[in-house]
There are 2 protein chains.
Amino acid sequence: MIEAAPINAVMRTLADPTRRAVFERVVKSEEITVLELTRGSDVTQGAISQHLKSLKQAGLVAERRAGRNVFYRAEPKGLAPLVDWMSHYGVFWRRRFTNLRSLLKEIDP
Amino acid sequence: MIEAAPINAVMRTLADPTRRAVFERVVKSEEITVLELTRGSDVTQGAISQHLKSLKQAGLVAERRAGRNVFYRAEPKGLAPLVDWMSHYGVFWRRRFTNLRSLLKEIDP
DNA sequence: CTAATGCATTAGCAGCTACTAATGTACGGC
DNA sequence: GCCGTACATTAGTAGCTGCTAATGCATTAG
């Protein structure tokens with residue numbers, strides 16, 4: 001049985017469209033500040049900070065403080081629970097190979 | 001840009017733990033009725049039907065009516081939006097290969 | 001036929017959630 | 001020192017959501 005807690009957090013965090021959009025922008029940028037994220041979004045800076053807090057608690061982003069600025073970056077391991085879940089319940093993927101992770105280990109050992 | 005509608009539906013549908021548990025049971029069973037799903041769950045049969053409706057609308061399950069019984073099965077293509085999304089925003093995956101789908105086509109052309 | 005089963009649907013509601021606006025906090029420029 | 005900036009946090013709220021209980025609707029059993 002797969003551990004429920006991380007996949008719960010990741011799924012729940014990425015379910016909200018605007019929060020997922022924040023995550024996508026963090027991913028596409030190597031590092032990005034809250035101000036930059038706020039510009040180009042239709043919600044308040046406070047809302048952005050709240051979403052970043054959720055993303056951080058879910059292990060999807062990490063922060064680096066530099067003076068007044070806080071730079072956010074994507075946490076590579078954050079989506080691992082999602083990959084694990086898909087390797088178990090991915091149906092149509094599971095029929096092609098039993099475990100997606102083992103395949104990736106072959107590619108990148 | 002990735003199409004937002006399907007990934008929104010899939011993410012939102014799988015975000016709820018009990019609904020995701022229903023989906024997982026459907027996946028593990030080749031076909032399963034609502035009554036079987038209700039047994040082994042801590043919610044009402046009505047709630048199960050509501051979750052199945054959501055899953056169906058998200059393209060994650062399909063139904064087959066047989067008399068009074070309705071058998072549900074997993075829809076293989078249902079998780080495709082999730083795979084597409086991960087191939088775009090999967091960070092750590094994207095660094096290993098630009099597109100997960102193209103890799104899979106090589107494995108299963 | 002009537003009764004029972006399997007499932008879908010509805011109304012109503014408690015609980016959550018994403019938002020704004022305001023405030024707090026800490027740092028940098030002057 | 002002071003003010004402005006960057007971000008976090010809070011209180012309050014409107015809207016959504018997942019649940020139960022009840023009911024509706026077919027279908028089968030008797």
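Letters go in sequence order (proteins before strands), and every chain restarts at 1. Remember, it's a predicted structure, so these values are computed and weren't measured experimentally.
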Inset, instruction - Report the C-alpha distance between A/S54 and A/Q50 in whole Å, list the side-chain angles of each, state the deciding distance to 0.1 Å, and finish with yes or no for side-chain hydrogen bond (donor to acceptor under 3.5 Å, both in side chains). - result: CA-CA 6 Å; A/S54 299; A/Q50 290 174 16; over 6 Å; no
If you only use heavy atoms from C-beta on, which nucleotide in [options] is closest to the side chain of [X]?
{"X": "B/K53", "options": "D/dG18, D/dC7, C/dT9", "result": "C/dT9"}
{"X": "A/T33", "options": "C/dG6, D/dC7, C/dA18", "result": "D/dC7"}
{"X": "A/S49", "options": "C/dC19, C/dA8, D/dT9", "result": "D/dT9"}

Inset, instruction - Would you indicate what B/F71 reaches in the nucleic acid, counting non-hydrogen atoms under 4.0 angstrom: base, sugar-phosphate, or nothing? - result: nothing
Legend entry - Phosphate-side-chain proximity, A/T18 and C/dA18, N/O vs OP1/OP2 below 4.0 Å: no
Legend entry - Under-4.0 Å side-chain N/O to phosphate OP1/OP2 contact, A/Y72 with D/dA6: no
Legend entry - Beyond-backbone contact of B/F23 with B/H51, side-chain heavy atoms, under 4.5 angstrom: no
Legend entry - 4.5 Å side-chain heavy-atom contact, B/W85 and A/R20: yes
Inset, instruction - Determine whether more than 12 heavy atoms belonging to other residues, nucleotides or ligands lie under 6.0 Å from atom CZ of B/R64. - result: yes
Inset, instruction - Mark yes or no for whether B/S29, through its side chain, and B/I32, through its backbone, hold a donor-acceptor pair below 3.5 Å. - result: no
Legend entry - Taking every non-hydrogen atom, the tightest pair across A/L37 and A/R25: O-NH1, 3.3 Å
Atom pairs under 3.5 Å, N or O on each side, protein against nucleotides 20-30 of chain C: can you list them with distances?
{"residue": "C/dT20", "atom": "OP2", "partner": "A/T44", "partner atom": "N", "Å": "2.9"}
{"residue": "C/dT20", "atom": "OP2", "partner": "A/T44", "partner atom": "OG1", "Å": "2.7"}
{"residue": "C/dT20", "atom": "O5'", "partner": "A/T44", "partner atom": "OG1", "Å": "3.2"}
{"residue": "C/dT20", "atom": "O4", "partner": "A/Q50", "partner atom": "NE2", "Å": "3.2"}

Legend entry - Electrostatic pair B/E75-B/R73, nearest N-O below 4.0 angstrom: no
Rounded to whole Å, how long is the line connecting atom [atom1] of [X] with atom [atom2] of [N]?
{"X": "B/E63", "N": "C/dG6", "atom1": "CD", "atom2": "P", "answer": "18 Å"}
{"X": "A/R64", "N": "D/dC7", "atom1": "CZ", "atom2": "P", "answer": "12 Å"}
{"X": "B/I48", "N": "D/dA21", "atom1": "CD1", "atom2": "C1'", "answer": "16 Å"}
{"X": "B/N69", "N": "C/dT5", "atom1": "CG", "atom2": "C1'", "answer": "9 Å"}
{"X": "B/D16", "N": "C/dC16", "atom1": "CG", "atom2": "P", "answer": "13 Å"}
{"X": "A/H51", "N": "D/dT9", "atom1": "NE2", "atom2": "P", "answer": "15 Å"}
{"X": "A/R39", "N": "D/dT5", "atom1": "CZ", "atom2": "P", "answer": "11 Å"}
{"X": "B/E36", "N": "C/dG6", "atom1": "CD", "atom2": "P", "answer": "11 Å"}

Legend entry - Contact nearer the 5' end of DNA chain D, comparing B/S54 with A/I32: A/I32
